[in-house]
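When a residue number appears, it is its place in the shown sequence, counting from 1. Only heavy atoms go into these numbers, but all of them, side chains included; no hydrogens, no water, no symmetry mates. Order of appearance sets the numbers: ligands from 1, and atoms from 1 within every ligand.
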Amino acid sequence: MNDRRQFLLNDKSVGAGASVVYWMSRDQRVWDNHALMAATMFAKENEKVINVVFCIDSFYPNANLRSFDFLIRGLQEVSETLAKLQIPFRLLYGHPPDTLPICLKELGCATLFSDFDPLRVKQQWKVALNKVIECPHYEVDAHNIVPCRLASPKEEFGAYTIRPKINRLLPEFLDDLPPLEWQQSLFTSVSVQHAESTSKLNATEILERMNLDRSVGVLDLESGEKAAHKALSDFTEHRLGMYNELRNDPEKECQSNLSPYLHYGQLSAQRVALEVQKADVASENKAAFLEELIVRRELSDNYCFYNPHYDKIVGAAAWAQKTLNEHVLDEREYLYSLPQFEQSKTHDRLWNAAQKQLLLEGKIHGYMRMYWAKKILEWTTSTAQALEFAIFLNDKYALDGRDPNGYVGCQWAICGVHDRAWGDRPVFGKIRFMNANGCKRKFDVEAYISKFELSKLLF
Ligand code: FAD
């Protein structure tokens, strides 16, 4: 494994304890997980045992029954796989900087490994944790193909500036992942018989016990590594061949639907890229998909990592803030409150259909997601309110929400992040505009509406 994926976050020397701990957080998988592989190799070289720990914080912002149900069902599979490999796995409840140090002490942790996450909450957890732990803490970027810290040392202006940097590093980082047999023999070479802590999780029991927001219902979508790989094969076999032409048509449903699996780290983006490269489809489909999976996705991590205001209007470029401020007093034809948006009660049947898709399916088709957010800008009293509403709804209902892609998606649509200035117009200023007529030219809007119009909602 390439050592350059790994960053030392503190200056402590290796402790005397008997174990290496991998604190799993963003990358919730056993296979193709660079952080677990790095921790295990380190344990082997230093004759330590390996332990895996996951901390569940039921107060994680905007997480609820829908998101925890998917997360914990995925973790159940992680625990089962680790049990077969005889690697101890512990689930901790509470705020990680409080719970983790106690657990690390109990386990005799000589060195800690974690995975990379650019979001504020996770960064703050690590800062607080590093103040109290007494061992080295390595962070391994197991989420990005090109590690975020190496792709660029600063916030990039857009896809056009990060693309050449990523492309330069891809030959080094988009290498073949170690074969599964190799990964298995690595894990078993350091595992120990530890019946008590290798016990498997019971997702139902855990969810019943947790104190969490149960107002957002669970989704009927298989979770976990096996389901993620099934979804990947389904996409490469049946839809990748049409991706370039039809990905923006919500009626054709040619997107991969991999975002929940990527968000929860149940699938490695590198594995996805390698499978897509191997697929027997025209090259323009592969190129269009890899642009989204690699350049756009890694640009989102770059933005959230380097911009502390990634979910606020002050995180936008100066030109965008200026133009939006100039139009702040423009008259809005329609104004809606958060509950009206949430309950799909606008005058616009197309917007309501997208919101219903979000409530019912935990997602909105990628093209409609842009329209959905831009209309929130048009129908709220200020840009700050629009951004707040869009992020709140996306994070609360989208299974792939609470993700750098979500903050950047909302920022792109509302505050022009990573976009350029367009012609000046009311409310939007120079932010790119979208309207229903544009949608009508792209796809069968009535068919999309009719799918969701009559669906019964809880409201
Ligand atoms: P595919 O088209 O099959 O793409 C494959 C993967 O590439 C995606 O899973 C994703 O990881 C990445 N990708 C695709 N489009 C983008 C993009 N525009 N920016 C960054 N990465 C991309 N994506 C999320 O993962 N979580 C979110 O919460 C989220 N919220 C969004 C909100 C708004 C307002 C907008 C405009 C976009 C948002 N996106 C979000 C980005 C994009 O819409 C989704 O990634 C995509 O629709 C997910 O479906 P898919 O996996 O089938 O995508």
Side-chain angles (χ1 to χ4, degrees), residues 26 62-63 66-67 118-119 143-145 156 158-159 162-163 166 221 228 231-232 234-236 238-240 242-250 252-273 275-276 285-304 310-311 341 351 354-355 357-358 361-377 386-387 389-419 431-432 434:
R26 193 186 193 195
N62 272 321
R66 174 174 291 180
S67 40
L119 296 186
H143 215 78
N144 289 298
I145 297 175
E156 292 294 331
I162 203 169
R163 191 179 296 112
I166 287 182
L221 178 67
L232 173 58
D234 185 53
F235 172 61
T236 52
H238 302 117
R239 301 190 303 283
L240 176 60
M242 298 175 280
Y243 187 82
N244 187 41
E245 196 189 341
L246 298 176
R247 71 178 182 281
N248 282 332
D249 185 336
K252 300 291 186 298
E253 296 191 4
C254 281
Q255 287 190 284
S256 67
N257 295 326
L258 292 178
S259 60
Y261 299 113
L262 290 166
H263 168 71
Y264 290 92
Q266 295 176 355
L267 189 59
S268 141
Q270 187 169 343
R271 175 65 67 195
V272 176
E275 291 302 310
V276 163
N285 294 305
K286 298 184 191 183
F289 181 80
L290 293 175
E291 167 72 10
E292 302 296 342
L293 178 80
I294 305 177
V295 176
R296 293 284 165 178
R297 207 175 48 82
E298 302 212 359
L299 180 61
S300 300
D301 263 34
N302 168 277
Y303 178 71
C304 291
Y310 59 74
D311 49 359
F341 281 120
W351 193 93
Q355 174 65 14
Q357 184 178 21
L358 180 61
E361 298 184 354
K363 66 172 186 193
I364 305 179
H365 184 278
Y367 186 78
M368 282 305 297
R369 240 175 173 166
M370 299 190 268
Y371 178 79
W372 173 87
K374 285 193 176 286
K375 293 295 139 183
I376 297 179
L377 170 62
L387 194 60
F389 286 4
I391 289 178
F392 173 79
L393 294 172
N394 192 62
D395 277 1
K396 182 171 176 184
Y397 292 102
L399 198 54
D400 63 8
R402 303 157 311 284
D403 189 279
N405 289 344
Y407 301 116
V408 170
C410 293
Q411 283 275 20
W412 174 88
I414 294 169
C415 299
V417 163
H418 299 149
D419 205 357
I431 303 296
R432 186 196 296 246
M434 260 177 103

The one among E292, K374, K363 that brings a heavy atom closest to atom 22 (C) of ligand 1: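 Heavy atom nearest to atom 22 (C) of ligand 1 belongs to E292.
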Quick one: look up the protein heavy atom nearest [atom] and list residue, atom name and how far away it is.
atom	value
atom 46 (C) of ligand 1	Q255 NE2, 3.8 Å
atom 1 (P) of ligand 1	Y243 OH, 3.5 Å
atom 51 (O) of ligand 1	S259 N, 3.0 Å
atom 43 (O) of ligand 1	R369 CD, 3.5 Å
atom 35 (C) of ligand 1	G409 CA, 3.5 Å
atom 24 (C) of ligand 1	N405 CB, 3.3 Å

Which atoms of ligand 1 sit under 4.0 Å from any heavy atom of [X]?
X	answer
N257	50 (P), 51 (O), 52 (O)
G401	28 (O)
L262	9 (O), 11 (O)

Do V408 and Y310 have side chains that approach each other closer than 4.5 Å (heavy atoms only, starting at C-beta)?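 Sidechains of Y310 and V408: no contact.
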N/O separation below 3.5 Å, W372 to ligand 1: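 No, W372 has no N/O under 3.5 Å of an N/O on ligand 1.
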N/O separation below 3.5 Å, S256 to ligand 1: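 The answer is yes, given that S256 and ligand 1 share an N or O pair closer than 3.5 Å.
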Within 45 degrees of the axis of the six-membered ring of W351 and under 6.0 Å from its centre: does K374 put its NZ or CZ there?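 Not satisfied by the 6.0 Å and 45° rule.
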Can you tell which part of V408 has a heavy atom less than 4.0 Å from ligand 1: side chain, backbone, both or neither?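 It is neither part, as no heavy atom is under 4.0 Å.
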Any pair with a residue in residues 394-415 that passes salt bridge (charged side-chain N to carboxylate O under 4.0 Å, His left out), sequence neighbours left out, goes on the list, sorted by first then second residue, please.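 Qualifying pairs, neighbours excluded: E342-K396, R369-D400.
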Between E253 and R239, does at least one N-O distance fall below 4.0 Å, as a salt bridge requires?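 Looking at R239 together with E253, the answer is no, because their closest N to O distance does not fall below 4.0 Å.
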Side-chain H-bond candidate by donor/acceptor type, N244 with N285, under 3.5 Å: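 Checked: N244/N285 side chains show no N/O donor-acceptor pair below 3.5 Å.
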